[in-house]
Amino acid sequence: MVAENIKLAFSSMVQNKMRTLLSLLGIVIGVASVVAILNLGESVTDSMLESMASGGLDMLTITPRGAARETEIFTDEFSDTLMRNVSGIKTVLPVLSSIAVMRNGQEILSGESIQGVTSAFFEENSLELSDGSFFTLMNNINRRQVVVLGKDLADELFPVGGAVGSYVSIFRNQAKSYLVVGVLAEKDATLGVSYNYTAFIPYNTYEQRFSRVTQVSNYIVKVAEGSDALSVSDDIESYLDVIAGPDYYMLFSPATMVEMAGEITGTFTAFLAAIAAISLLVGGIGIMNIMLVSVIERTREIGIRKALGATPRIIRTQFLVESVILTLSGGLIGILMGSLLSYAVVSASGWNLHFSLPAIAVSLLFSAFIGIFFGYYPAYKASKLDPIDALSHE
Amino acid sequence: MCIVISFEDVRRYYVVGENVIKALDGISFDIISGSFLAIMGPSGSGKSTLMNLIGCLDTPTSGVIRIDGETLGDMGEDELALIRNRKIGFVFQNFNLLPKLSALDNVMVPLLYRGIPLKERKEKAEALLEKVGLGDRMKHRPTELSGGQKQRVAIARALSNNPSIILADEPTGALDSKTGDQIMELFENLNDEGRTIVFVTHDRTLGARCRSSISIRDGRIVDGC
């Protein structure tokens with residue numbers, strides 16, 4: 001019976017091509033916009049994730065806050081302590097930082113960030129050079145006065161170039177000359193972290209020249225491969241809450257940011273999709289309209305079918321199948337158009353295309369639901385027609 | 001001989017505004033299996049109302065109608081549909097074929113509603129179309145058939161569920177006299193095979209060809225045998 005009904009539905013759709021197309025338009029536009037919005041939403045989230053991941057999704061930063069008490073906890077040795085107590089950590093890099101004045105001849109820059117880092121820092125942060133080299137493990141051990149400059153910093157200190165191999169003065173209590181060994185490649189700020197205006201000197205050099213206290217400015221924690229950054233971040237948090245207390249540190253995790261950003265785009269996408277779904281409702285009313293017209297047009301057919309022994313249920317099913325086939329076709333066309341649209345937008349904007357399979361599945365289910373919901377009344381009306389009146393209908 | 005249909009003091013009243021129209025006002029008769037009965041009467045006599053009641057398209061205001069011993073009175077829509085499907089074969093003046101379906105598909109519709117599987121449906125419908133002389137027209141749509149051919153398809157369709165009674169409402173009314181004659185012959189042949197046929201007409205000459213007749217006027221039987 002269902003096979004016959006589907007056949008019938010298609011034959012009546014084909015018979016009124018223009019009308020079918022026009023009545024489907026609402027559903028097509030509705031489904032297309034829902035699918036496009038959800039596809040684009042996922043694509044944007046994906047691209048965001050990727051750009052954040054390039055900035056090191058597996059990097060966490062612990063920054064001690066306050067004073068006094070923490071200096072006893074957040075020392076050089078804390079790196080090892082943390083690694084011993086929390087699993088899933090590849091390495092912990094302590095970073096010392098402060099603000100200093102730098103000078104090269106006539107060029108004087110104040111308020112620039114100086115960071116004392118170990119040579120592993122560059123590699124773990126995936127930093128790249130535009131010129132020269134990074135300082136080495138031996139430079140650190142020997143407390144050499146060498147510096148790696150951020151791109152913009154190098155450009156301002158050395159407007160005519162030739163930074164590598166030159167000396168730059170860094171003032172802190174007293175001026176010291178540092179040999180520029182490398183200049184970083186320009187890097188876009190991801191999550192607000194950019195090293196374009198930072199000068200890096202070996203950790204031990206910094207310790208000796210700049211600070212008498214042993215408090216580390218921050219720790220960069222690299223999560224081990226295969227471990228989940230979010231859960232490692234949670235573990236570190238619970239560990240630090242116990243040993244330092246929640247008010248005495250800040251934990252910055254790009255993974256947390258990504259999660260938050262994902263939630264925000266998710267909410268936004270859902271909101272847009274809900275608006276688009278309103279056009280599906282309008283489309284559904286269009287379907288109801290056309291089905292009511294169809295019932296009136298086919299009153300005589302209904303009468304004949306009833307005379308031949310069709311029960312109200314059979315008639316109702318016939319019209320319901322027809323409206324579901326109608327809306328499902330609209331849904332399929334809509335999915336196709338929505339996908340094409342999102343493909344076009346994504347190609348133009350250079351994101352990664354991500355087809356939202358749940359969106360497609362839900363759209364199909366929803367269009368079938370619209371067919372049933374808005375087709376029910378016309379189908380019910382058809383099933384309740386009096387056979388004698390229906391047979392005499394012209 | 002068994003009784004296929006019996007009417008016992010059947011009345012059918014319509015309320016139109018403040019007036020009650022007594023379309024049928026106390027009708028009793030039996031139709032015996034294998035008969036070829038003409039129901040005659042001018043328009044407005046209650047002929048159509050009677051036909052609708054025999055066809056189970058309508059239920060009486062009062063009185064009892066039995067088909068094959070089953071009382072129609074207290075049946076719901078579904079049961080009436082079932083009776084129409086199994087026991088009644090309709091043949092209409094204007095054919096009433098489903099325009100989108102082929103001759104074969106039209107004949108298959110009552111079988112479909114009965115729940116017969118596709119293969120069997122097809123075999124039965126093909127055999128019936130062969131029987132009415134349309135073996136070469138099975139795939140044609142109603143618009144591609146002549147009036148006489150359409151009525152043959154309708155007769156094949158009426159026969160498809162092997163009903164207790166063929167109910168024909170002016171089946172030759174839309175046909176020229178020669179074609180009408182052929183259709184009449186087909187009915188006569190079917191009756192010879194033992195089919196019960198009820199033939200509703202206002203045409204006395206056609207009525208005379210039936211083996212028995214009832215005449216109604218103003219909702220009552222005025223002449224019958």
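Below, chains carry the letters A, B, ... as their sequence lines are ordered, and counting in each starts from 1.
Both the backbone and the side chain of A:Arg305 come within less than 4.5 Å of a heavy atom of chain B. If you measure heavy-atom distances from B:Ile88 to chain A, you find no contacts under 4.5 Å at all. Only the backbone of A:Ser383 comes within contact range of chain B, judged by heavy atoms closer than 4.5 Å. Only the side chain of B:Arg157 comes within contact range of chain A, with at least one heavy atom under 4.5 Å from a heavy atom of that chain.
Under the 4.5 Å side-chain criterion, counting only non-hydrogen atoms from C-beta, B:Leu101 is in contact with A:Leu8. Considering only heavy atoms from C-beta on, B:Tyr113 stays 4.5 Å or farther from A:Thr311 through its side chain.
By the 6.0 Å contact criterion, CZ on B:Phe29 is enclosed, its count of non-hydrogen atoms from other residues, nucleotides or ligands being greater than 12. Residue B:Glu193 places its CD atom among more than 12 non-hydrogen atoms of other residues, nucleotides or ligands, all under 6.0 Å distant. Environment of CG in B:Asp78: crowded, with over 12 heavy atoms of neighbouring residues, nucleotides or ligands closer than 6.0 Å. Few gaps surround OH on B:Tyr14; more than 12 heavy atoms of other groups in view lie less than 6.0 Å from it. With a 6.0 Å radius and a threshold of 12 heavy atoms from other residues, nucleotides or ligands, B:Arg114 has its CZ atom above the threshold. At most 12 non-hydrogen atoms from other residues, nucleotides or ligands lie less than 6.0 angstrom from OH of A:Tyr343. The local environment of CE in B:Met75 is crowded, with over 12 non-hydrogen atoms from other residues, nucleotides or ligands closer than 6.0 Å.
Listed by chain and residue number, B:Arg11 satisfy the salt bridge (Lys or Arg N to Asp or Glu O under 4.0 Å) test with B:Asp9 (two or more places apart in sequence, or in another chain).
For the pair A:Ser12 and B:Lys100, the tightest heavy-atom approach, listed with the atom from each and the gap, is CB-NZ, 3.5 Å. In this structure, B:Asn85 and A:Gly309 approach most closely via the heavy-atom pair CB-CA, 3.6 Å. Counting all heavy atoms, side chain and backbone alike, B:Arg84 lies closest to A:Ala307 at CB-O, 3.6 Å. Nearest heavy atoms, A:Ile304 versus B:Leu97: CD1-O, 3.9 Å. The shortest heavy-atom contact between B:Ala81 and A:Ala310 is CB-O, 3.7 Å.
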- [ ] Kindly determine whether A:Arg313 and B:Glu77 satisfy side chain to side chain contact (heavy atoms under 4.5 Å, CB included), including the steps that lead there.
- [x] CA-CA 10 Å; A:Arg313 189 193 164 85; B:Glu77 268 190 274; over 6 Å; no
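The only option from A:Glu301, A:Arg298, A:Arg300 that meets the side-chain contact (heavy atoms from CB on, under 4.5 Å) definition with B:Leu98 turns out to be A:Glu301.
Highest contact tally toward chain A, considering only B:Asn94, B:Asn161, B:Ile83, is held by B:Asn94 [criterion: heavy-atom pairs under 4.5 Å]. Considering only heavy-atom pairs separated by less than 4.5 Å from chain A, the leading option among B:Leu57, B:Leu80, B:Asn96 is B:Asn96.
Salt bridge annotation for B:Arg121-A:Glu4: present, with a cationic side-chain nitrogen under 4.0 angstrom from a carboxylate oxygen.
Atom OG of B:Ser48 sits about 9.5 Å away from atom CD1 of A:Ile388, to the nearest 0.5 Å.
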